[in-house]
Amino acid sequence: MTDLQNQFTQLIQQLPKSVPFVAPEALERQTGVSVRLRLGANESSFGPSPKALAAMEAHLAEQAWYGDPENYDLRQALADRHQVPFESIAVGCGIDDLLGLVVRLFVEPGDVIVTSAGAYPTFNYHVTGHGGRLHFVPYTADFKNDLPALAQAAREVMAKLVYLANPDNPTGSYYEGSEVAAFLAQLPESCLVILDEAYIEFAPSDSALPLSLDDPRVIRMRTFSKAYGMAGARIGYLIAAPDVVAAMDKVRLHFGVARLAQVGALAALGDGEFLSYVIAETDRGRREYAELAARLGYRALPSRTNFVAIDVGSEAMARQLVDRLFAQGVFIRMPGVAPLSRCIRVTVGTPAQRDEFARVFPEVVEEILQRGGV
Ligand SMILES: *Cc1c(COP(=O)(O)O)cnc(C)c1O
């Protein structure tokens, strides 16, 4: 038999095995535990808009058909909503898909890419998968992306591309538009920027970076997975210079976005009332989590997302909490890289889910401390 190992590309032979996230389903299979509180992946606990569900149900039989490869209706609605040209919008199977496409467009083997150490790992996965080299910049001591240090690193290593999630995952931190603009001004002229705005709907819109920003280096990514509650439908979009959008047509999967996802996203976009409800309920949930953490002597990091990171003092404590909670059917996550790994990250649940978390979490903390801590 042929040894396939030698047939893979050089790059694939060299890459370590890597999975950005182990899914709760995989953990259930490994442990035999079934998850009853799914608060680990920042999926929306409030589901899709009833209007999106109704639209998808009405079009269910159209599963027989491919989606519109140009995503025309949705792009038109997004262009109207954001007051940007139709040609500057590309739709893909979520931000994860779009990250891979942008990296494919711009990153050649050996190019250096700058990101924060412990930032969104799926981006890193795409960079290494295309032969790029990652240069990591530590978060600040108060768990924020270090904008001056990211810009300085970009200049020093002549970065091709910089990645910034704003609001950030896994910390929940946020920079206002003026701060992001100052950061952009510090970057080298030739350096592209991915602004991953997966959680932007949860941040105040009046102080945000304007979308009409006339800077061809900036690629903004957004999704229907978080505030719109449609993670399973796999649909997101980017706003970028029309040249970027046109170039994506050379490499993207034209029939990748499911027809039902297109229909659902369009209806979701039209349901502002539901979105406002999700945002308000998420804000309430964040405050509840912060109070819960404080009652236990922990600090919740300020969050502009649908999750809260709680500093529990040590990585060992965070690990114990994640494991002990999972044993009780409560799925949360912790960041993988120090110093963020001193935190646990909990998605805002429905009121009932939050009550249950507020019941179980102190019990598990108590149990760990009784057994002598960590
Ligand atoms: C959840 C998340 C994504 C993934 O978005 P999809 O549109 O579901 O692919 C991307 N970036 C960040 C920062 C996220 O937290």
Side-chain angles (χ1 to χ4, degrees), residues 19-24 38-48 52 71 74 78 89-103 113 115-127 129 139 143-145 150 161-175 180 193-203 219-239 248 252-253 256-258 261-262 264-265 268-269 278 282 286 301 303-309 331-337 340 343 345-348:
V19 179
F21 292 104
V22 180
R38 188 170 165 123
L39 302 176
N42 307 336
E43 298 148 325
S44 178
S45 304
F46 309 100
N71 296 285
L74 181 60
L78 287 165
I89 296 178
V91 173
C93 306
I95 291 179
D96 288 357
D97 175 32
L98 296 165
L99 286 172
L101 288 170
V102 168
V103 167
I113 314 304
T115 182
S116 297
Y120 192 60
T122 307
F123 173 69
N124 303 350
Y125 169 87
H126 286 306
V127 169
Y139 276 81
F143 301 116
K144 295 187 81 173
N145 286 291
L150 283 164
L161 177 65
V162 175
Y163 173 89
L164 175 69
N166 190 51
D168 186 53
N169 178 12
T171 64
S173 63
Y174 174 67
Y175 285 108
V180 179
V193 192
I194 292 179
L195 280 185
D196 182 338
E197 300 180 319
Y199 301 95
I200 198 71
E201 293 83 5
F202 298 108
I219 299 167
R220 321 262 303 248
M221 298 200 174
R222 299 188 169 197
T223 183
F224 287 92
S225 295
K226 304 288 160 60
Y228 289 99
M230 294 179 51
R234 308 308 302 129
I235 184 161
Y237 60 100
L238 60 71
I239 304 172
M248 285 178 65
R252 74 187 176 92
L253 192 57
V257 179
Q262 293 172 332
L269 199 63
V278 171
T282 301
R286 286 191 306 232
L301 310 191
S303 169
R304 288 294 189 182
T305 61
N306 68 348
F307 61 85
V308 173
F331 167 59
I332 63 164
R333 278 205 173 110
M334 63 183 279
V337 177
L340 307 182
C343 302
R345 197 195 65 186
V346 190
T347 308
V348 170

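Remember, it's 1-based here, ligands and their atoms both numbered in the order they're listed.
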For atom 3 (C) of ligand 1, the closest protein heavy atom turns out to be Tyr120 OH, 3.3 Å
Taking the side chain from Tyr163 and the backbone from Ala119, do they hold a donor-acceptor pair closer than 3.5 Å? no
State, without any angle test, whether Asn71 and Tyr237 hold a side-chain donor-acceptor pair at a distance under 3.5 Å. no
In ligand 1, the atoms that come under 4.0 Å of a heavy atom of Ser225 are 6 (P), 7 (O), 8 (O)
If you measure every N/O of Asn169 against every N/O of ligand 1, is any gap under 3.5 Å? yes
Taking only non-hydrogen atoms of Arg234 and a 4.0 Å limit, the atoms of ligand 1 in range are 6 (P), 8 (O), 9 (O)
For Tyr199, the ligand 1 atoms with a heavy-atom partner under 4.0 Å come out as 1 (C), 14 (C), 15 (O)
Problem - Side chain Thr171, main chain Lys144, donor-acceptor under 3.5 Å - result: no
Nearest heavy-atom approach of Asn145 to Ala165 is ND2-O, 3.6 Å
Side chains of Arg333 and Asn42, donor plus acceptor under 3.5 Å: no
Under 4.0 Å from one or more heavy atoms of Tyr163, ligand 1 contributes atoms 13 (C)
For Asp196, the atoms of ligand 1 under 4.0 Å from one of its heavy atoms are 10 (C), 11 (N), 12 (C), 13 (C)
Filtering Ile194, Ile95, Asn42, Asn166 for the heavy atom nearest atom 6 (P) of ligand 1 leaves Ile95
side-chain contact (heavy atoms from CB on, under 4.5 Å) test vs Met221 passes for just one of Val102, Leu195, Ile239, Asp96, namely Val102
Per-atom filter on ligand 1: closer than 4.0 angstrom to a heavy atom of Lys226 are 1 (C), 2 (C), 3 (C), 4 (C), 14 (C), 15 (O)
Which of Asn306, Leu301, Thr305 passes side-chain contact (heavy atoms from CB on, under 4.5 Å) with Ser303? It is Thr305
